[in-house]
Amino acid sequence: MDIVFIHNLTIETTIGIHDWEKQTRRPIVLDLEMASDIARAAASDRIEDALDYDAVTQRLKREVGENRSELVETLAERCASILREEFGIPWVRLRLNKPGAVGDGVDVGILIERGDRPTGTANH
Ligand SMILES: Nc1nc2c(c(=O)[nH]1)N=C([C@H](O)[C@@H](O)CO)CN2
């Protein structure tokens, strides 16, 4: 099993526990590793046989950009559920960074894995 990745996907959203955070938008940054057997796509050279990272990107931009949350945990779980339920991805590692949340230049957030990591998945 192979990995399709999307790194540094920056999306503006409304996220936070404080009232002032609920009045503004700020960027969050997603790093995704998604298990995908690329053999069929590599053999056919057809996007229909691939995990289309553009489709994943557009879907997450819509979900994150059009909704609000308080905790990074909530948003991370929602994104992981979309990947597994709508795109049929068996395993995903998702890092959600809320840059600057505790101070300039400091990264904070959450790293979750969902699903059963298939054996032989490329280390990443
Ligand atoms: N585990 C978490 N801790 C905190 C979160 C969060 O989403 N998960 N959020 C905040 C505030 O919104 C902070 O980001 C801004 O002051 C604090 N702790």
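For ligands, and for the atoms within them, numbers begin at 1 and follow the listed sequence. One-based numbering along the sequence shown.
The pair Lys61-Glu66 does not meet the salt-bridge criterion, since no charged nitrogen lies less than 4.0 angstrom from a carboxylate oxygen. The residues Arg25 and Glu12 are annotated as not salt-bridged, no charged nitrogen and carboxylate oxygen being separated by less than 4.0 angstrom. Salt-bridge check for Arg95 with Glu33: failed, with every basic side-chain N at 4.0 Å or more from each acidic carboxylate O.
Interface of Gly16 with ligand 1, defined as ligand atoms under 4.0 Å from a residue heavy atom, comprises 12 (O). Numbered from 1 in the order shown, with element, the atoms of ligand 1 that lie under 4.0 Å from a heavy atom of Glu70 read 7 (O).
Nearest to atom 6 (C) of ligand 1 among the protein's heavy atoms is Leu71 CD2, 3.6 Å. Taking atom 12 (O) of ligand 1 as the reference point, the nearest protein heavy-atom neighbour is Glu21 OE1, 2.7 Å. Given atom 14 (O) of ligand 1, the protein heavy atom at minimum distance is Lys98 NZ, 2.8 Å. Of the protein's non-hydrogen atoms, the one nearest atom 16 (O) of ligand 1 is His18 CD2, 3.2 Å. When only non-hydrogen protein atoms are considered, atom 18 (N) of ligand 1 lies nearest to Ile17 CD1, 4.6 Å.
Within a 6.0 Å radius of CG in Asp116, other residues, nucleotides and ligands contribute 12 heavy atoms or fewer.
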Audit row: Met34, Ile3, side-chain contact (heavy atoms from CB on, under 4.5 Å) steps and yes/no: CA-CA 5 Å; Met34 304 168 284; Ile3 288 179; 5.8 Å; no
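For atom 8 (N) of ligand 1, a protein heavy-atom neighbour is found at a distance under 4.0 Å.
A donor atom on one side chain and an acceptor atom on the other are found under 3.5 Å apart for Ser44 and Asp49.
Annotation: Glu73 places an N or O atom under 3.5 Å from an N or O atom of ligand 1; distance criterion only.
If you run side chain to side chain contact (heavy atoms under 4.5 Å, CB included) between Leu30 and each of Asn97, Ile11, Thr57, only Ile11 comes through.
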